[in-house]
Undergrad: 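Below you'll find the structure I mean.
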Amino acid sequence: MPAPTFLYGTAWKEDRTAALVELALRAGFRAIDTANQRRHYFEAGVGEGLAAAYRAGVVTRDDLFLQTKFTYARGQDNRLPYDPAATLTVQVAQSLASSLEHLGTDHVESFVLHGPASNYDWTNFDTEVWEAMRRERDAGRARLLGVSNVSLDHLQQMEAARAELPAFVQNRCFASQGWDRDVRQFCRQHDIVYQGFSLLTANREVVHALSPLAKRLHATPAQIIFAFARSIGMLPMTGTTSADHMKEDLASLNLTLPQEAMNAIESIAE
Ligand SMILES: NC(=O)c1ccc[n+]([C@@H]2O[C@H](COP(=O)([O-])OP(=O)(O)OC[C@H]3O[C@@H](n4cnc5c(N)ncnc54)[C@H](OP(=O)(O)O)[C@@H]3O)[C@@H](O)[C@H]2O)c1
């Protein structure tokens with residue numbers, strides 16, 4: 001399948017998950033982000049939405065980029081997709097096996113570590129999990145690997161430990177931190193695709209401040225943010241629950257921002 005251009009996120013949708021995934025596919029999304037973390041995601045519902053779209057002839061499995069995550073027990077509630085008494089290596093295998101069952105597939109395009117064990121360091125726990133994820137990938141159950149909620153320190157420590165670097169980094173992106181400039185720079189230097197989430201919700205004042213520019217360009221502030229994100233090399237994510245916003249967000253792929261607007265947005269919150 002071609003490289004994804006916009007990720008549709010499935011967090012916090014509970015019993016609307018299946019219907020919204022189907023709606024997103026009908027709207028034109030071809031890349032879906034989920035996680036085997038029942039606390040925030042209903043992955044089996046994602047699978048139901050995919051199955052409905054296949055049945056209706058909207059897409060085939062080959063059209064899709066499916067991404068899921070392994071989440072440590074501390075990020076889960078009591079609905080765990082693995083035996084918490086098992087080793088981390090076994091937990092990773094059980095989690096992905098359960099994801100594949102939820103999603104009705106024998107592989108995902110991307111398997112992501114939801115967050116390192118420590119907010120500061122790349123620890124031995126992460127080393128074990130990452131190795132287990134590599135084994136899943138090598139066995140064909142995932143095509144590419146990613147890490148999420150990482151700092152530049154985490155990535156530099158992975159590099160210093162000579163760990164294989166991820167194909168994807170998925171982070172919350174704050175304009176106030178130069179749109180995660182340090183991490184994005186590391187990604188650019190190492191051919192890692194940066195996936196940005198909370199682009200609207202983490203930057204509400206910026207979204208508001210973009211209204212005049214949006215008006216001039218006959219676009220919405222959300223479209224400006226997503227077009228900006230694409231222009232600086234990011235793979236944007238949206239979890240909108242609105243059919244209109246789905247269309248609006250995808251239409252931003254055709255919007256090119258003037259260079260002076262790019263410069264202004266890049267430094268808007270500094
Ligand atoms: N790795 C992680 O730890 C992590 C953490 C958080 C999220 N994620 C992923 O990222 C995905 C997206 O999450 P998010 O935090 O970016 O927030 P989001 O779920 O996309 O929420 C966006 C919010 O902005 C509103 N909105 C208004 N206009 C919009 C427009 N034109 N387009 C889109 N939204 C608009 C939406 O309302 P409407 O619904 O009414 O449009 C919604 O309330 C999640 O579903 C999940 O897959 C990952």
Side-chain angles (χ1 to χ4, degrees), residues 4 6-14 16-21 23-25 27-29 31-43 45-46 49-50 65-72 74-76 95 99 102-103 108-117 119 145-151 154 166 168-175 179-180 183 193-208 210-211 214 217-230 234-255:
F6 216 136
L7 272 169
Y8 183 70
T10 61
W12 312 302
K13 298 181 168 54
E14 289 300 321
R16 298 174 70 199
T17 303
L20 286 168
V21 166
L23 190 65
L25 295 172
F29 285 93
I32 304 286
D33 175 81
T34 187
N36 209 342
Q37 181 202 33
R38 190 60 192 85
R39 180 177 171 189
H40 293 306
Y41 297 78
F42 180 27
E43 195 179 47
V46 175
L50 295 176
F65 174 97
L66 299 181
Q67 174 168 278
T68 190
K69 313 187 191 82
F70 169 78
T71 311
Y72 280 111
R74 74 171 176 126
Q76 305 266 13
S95 182
S99 288
H102 288 155
L103 299 172
V108 286
E109 277 59 38
S110 168
F111 187 33
V112 172
L113 171 56
H114 210 151
N119 291 339
L145 300 179
V147 291
S148 181
N149 299 302
V150 288
S151 62
H154 285 122
F168 298 108
V169 160
Q170 180 181 120
N171 268 4
R172 181 165 279 123
C173 192
F174 292 97
W179 306 90
D180 213 3
V183 170
V193 174
Y194 181 100
Q195 305 176 356
F197 63 84
S198 301
L199 285 162
L200 304 180
T201 51
N203 304 302
R204 288 186 199 278
E205 282 174 28
V206 175
V207 174
H208 183 69
L210 286 174
S211 289
L217 297 177
H218 307 290
T220 67
Q223 287 181 315
I224 303 282
I225 296 267
F226 291 131
F228 166 76
R230 291 275 306 152
M234 206 183 282
L235 173 55
M237 306 181 67
T238 177
T240 180
T241 56
S242 136
D244 287 343
H245 288 163
M246 287 180 187
K247 293 200 190 93
E248 182 182 312
D249 295 356
L250 285 172
S252 73
L253 293 171
N254 302 319
L255 182 65

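Hydrogens, waters and symmetry mates play no part in the numbers below; they use all other heavy atoms, side chains included. Counting convention: from 1, in listed order, for ligands and their atoms alike.
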Undergrad: What residue and heavy atom of the protein are closest to atom 3 (O) of ligand 1, and at what distance?
TA: N149 ND2, 2.8 Å
Undergrad: Any side-chain to backbone donor/acceptor pair from K69 onto T34? Under 3.5 Å, distance only.
TA: yes
Undergrad: List the closest protein heavy-atom neighbour of atom 39 (O) of ligand 1: residue, atom name, distance to the nearest 0.1 Å.
TA: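 Going atom by atom, the protein heavy atom closest to atom 39 (O) of ligand 1 ends up being T241 OG1, 2.6 Å.
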Undergrad: If you have a sec, work out which protein heavy atom is nearest atom 11 (C) of ligand 1 and how many Å separate them, to one decimal?
TA: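 Nearest neighbour among protein heavy atoms for atom 11 (C) of ligand 1, to 0.1 Å: G9 CA, 3.8 Å.
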Undergrad: Test of understanding: with salt bridge (Lys or Arg N to Asp or Glu O under 4.0 Å), list the residues that count as partners of R16, not counting sequence neighbours.
TA: none
Undergrad: Who are the side-chain contact (heavy atoms from CB on, under 4.5 Å) partners of L255, not counting sequence neighbours?
TA: A219, Q223, I224, A227, L257
Undergrad: Considering only protein heavy atoms, determine whether one is less than 4.0 Å from atom 43 (O) of ligand 1.
TA: no
Undergrad: Indicate yes or no: does D180 engage R172 in a salt bridge with an N to O separation below 4.0 Å.
TA: no
Undergrad: Can you name the atoms of ligand 1, numbered from 1 with element, that are less than 4.0 Å from a heavy atom of E248?
TA: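 Those atoms are 31 (N).
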Undergrad: Which ligand 1 atoms are under 4.0 Å away from a heavy-atom of S198?
TA: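 That gives atoms 14 (P), 15 (O), 16 (O) of ligand 1.
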Undergrad: Can you check whether W12 has an N/O within less than 3.5 Å of an N/O in ligand 1?
TA: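 Checking ligand 1 against W12, no N or O pair falls under 3.5 Å apart.
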Undergrad: I'd like to check which ligand 1 atoms, numbered from 1 as shown, lie under 4.0 Å from a non-hydrogen atom of S148.
TA: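 With S148 as reference, the close atoms of ligand 1 come out as 1 (N), 2 (C).
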